[in-house]
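So the structure is just underneath, and the comments pick up after that.
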Amino acid sequence: MQSYIEIKVPIRWEEPWFEQLRELLDGVNIRWQHGYYHITMAFLDETPLGVDLLTGLSRLLLPADAPTITFDRLDAFATGGGRRQVIYLTTSHTPAHFQTLVDDIRHHFKARGSVIQSDFRLHVTLGRVDDRRMNVAKLKQVINDVDLPATTLTLTGVEYRIFRGKTLSQWKLKA
């Protein structure tokens, strides 16, 4: 079973910088993320059947303080062998206690036999580009024209979910 744990990021579709980004990329084939913004803390490609992951996650998450992150950068990276690109929101500085929490969660999963193939990259996916006319370099040129104000957010909502399926558990971090 594929699953993942995410921390919700409360940004809005109507943010002026997000509207500007979409306007600048009007006419490009992009599947915009709409109303469900998050940071994937760990994506589990495989988990052994019958293994209890939730008890350990609760031990890690219930006492955890909510991270406060200043989002101040837009960027893009390539996927699918360079055929597609992801436009994302990120930070210039990952808070140490958030990175430690992510590392602890990933260690918890791996110690119980889960397979995690991807490294952690703090990013909030805004859109997925599937357009032969675009590449990462062109996207970055457009993205650089967006007037993105630094926005500081406290992230409290965490969910563990089946990939493209139901939520298995939820936690609220201490704000």
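This is a predicted model, so every value here is computed, not measured.
- The shortest side-chain heavy-atom distance between Asp103 and His107 does not fall under the 4.5 Å cut-off.
- Under the 30°/60° scheme for interplanar angles, the aromatic rings of Phe163 and Phe43 are found to stand perpendicular.
- Looking only at distances, a side-chain donor or acceptor of Lys138 sits under 3.5 Å from a matching main-chain atom of Arg133.
- The NZ atom of Lys110 lies 13.5 Å from the NE2 atom of His108; values are rounded to the nearest 0.5 Å.
- Put simply, the side chain of Asp72 never gets that close to the backbone of Ala150: no donor and acceptor are under 3.5 Å apart.
- Side-chain contact between Pro95 and Ile69 is present, with at least one heavy-atom pair separated by less than 4.5 Å.
- For the residue pair Tyr160 / Ser3, a side-chain donor-acceptor distance below 3.5 Å is found, with atom types taken as modelled.
- Residues Pro48 and Arg112 share a closest heavy-atom pair of CG-O, 3.6 Å.
- To the nearest 0.5 Å, atom CZ of residue Arg84 and atom OG1 of residue Thr79 are 6.0 Å apart.
- When all heavy atoms of Arg73 and Ser92 are compared, the closest pair comes out as CD-OG, 3.3 Å.
- Here the side chains of Phe109 and Leu57 are in contact, with some heavy-atom distance below 4.5 Å.
- Salt bridge Lys140/Asp75: present, at least one basic N to carboxylate O contact under 4.0 Å.
- No option in Leu126, Leu148, Leu74 other than Leu74 meets the side-chain contact (heavy atoms from CB on, under 4.5 Å) test with Ile143.
- In this structure, Arg12 and Tyr37 have side chains that are not in contact, with every pair of non-hydrogen atoms separated by 4.5 Å or more.
- The structure places CD1 of Ile39 at 8.5 Å from OG1 of Thr94, a figure rounded to the nearest 0.5 Å.
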Could you give me the CA-CA distance, side-chain angles and deciding distance for Val102 and Gln99, then say whether side chain to side chain contact (heavy atoms under 4.5 Å, CB included) is met? CA-CA 5 Å; Val102 169; Gln99 185 63 56; 4.3 Å; yes
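- Closest approach of Pro63 and Ser58 over heavy atoms only: CD-O, 4.0 Å.
- The distance from the CG atom of Asp130 to the CZ atom of Arg31 is 7.5 Å, given to the nearest 0.5 Å.
- In this structure, CG on Leu60 lies 11.5 Å from OG1 on Thr100, to the nearest 0.5 angstrom.
- Between Ile87 and Leu25, the closest side-chain pair of non-hydrogen atoms falls below 4.5 Å.
- The minimum heavy-atom distance between Asp45 and Gln2, with the atom names listed, is O-CG, 3.4 Å.
- Within the 4.5 Å cutoff, side-chain heavy atoms of Val9 are placed close to those of Leu155.
- In this structure, His38 has its ring center closer than 6.0 angstrom to the ring center of Tyr36.
- Taking hydrophobic clusters as Ile, Leu, Val, Met, Phe, Trp and Tyr residues chained together by side-chain heavy-atom distances below 4.5 Å, Val136 does not share a cluster with Leu89.
- Of the N and O atoms on the side chains of Thr55 and Asp52, at least one donor lies less than 3.5 Å from an acceptor on the other residue.
- Under the 4.5 Å side-chain criterion, counting only non-hydrogen atoms from C-beta, Trp17 is not in contact with Asp147.
- Here the straight-line distance linking atom CE of Met1 with atom CG of Leu168 works out to 6.0 Å at 0.5 Å rounding.
- Evaluated for a side-chain contact (heavy atoms from CB on, under 4.5 Å) with Tyr4, the options Leu44, Thr40, Ile116, Ile162 yield exactly one hit, Thr40.
- Applying the 6.0 Å contact sphere to CD of Glu46 captures no more than 12 heavy atoms from other residues, nucleotides or ligands.
- The side-chain heavy atoms of Leu173 and Leu62, taken from C-beta on, include no pair separated by under 4.5 Å.
- No cation-pi contact links Arg106 to Phe120, judged by a cut-off of 6.0 Å to the six-membered ring centre and 45° from its axis.
- The two residues Val129 and Met134 have their closest heavy-atom pair at CG1-CB, 4.0 Å.
- In this structure, a donor-acceptor pair under 3.5 Å is present between the side chains of Arg161 and Thr167.
- Residues Thr152 and Thr70 bring a donor and an acceptor atom of their side chains to less than 3.5 Å of each other.
- Both tests hold for Arg22 against Trp13: distance to the six-membered ring centre under 6.0 Å, angle to the ring axis within 45°.
- Taking both residues in full, the closest heavy atoms of Met41 and Ile7 are given as SD-CB, 3.8 Å, listed atom of the first, atom of the second, then distance.
- Remark: side-chain polar atoms of Thr90 are paired, donor with acceptor, to backbone N or O of Leu122 under 3.5 angstrom.
- Looking at Gln33 and Thr125, their side chains never bring a donor and an acceptor atom within 3.5 Å of each other.
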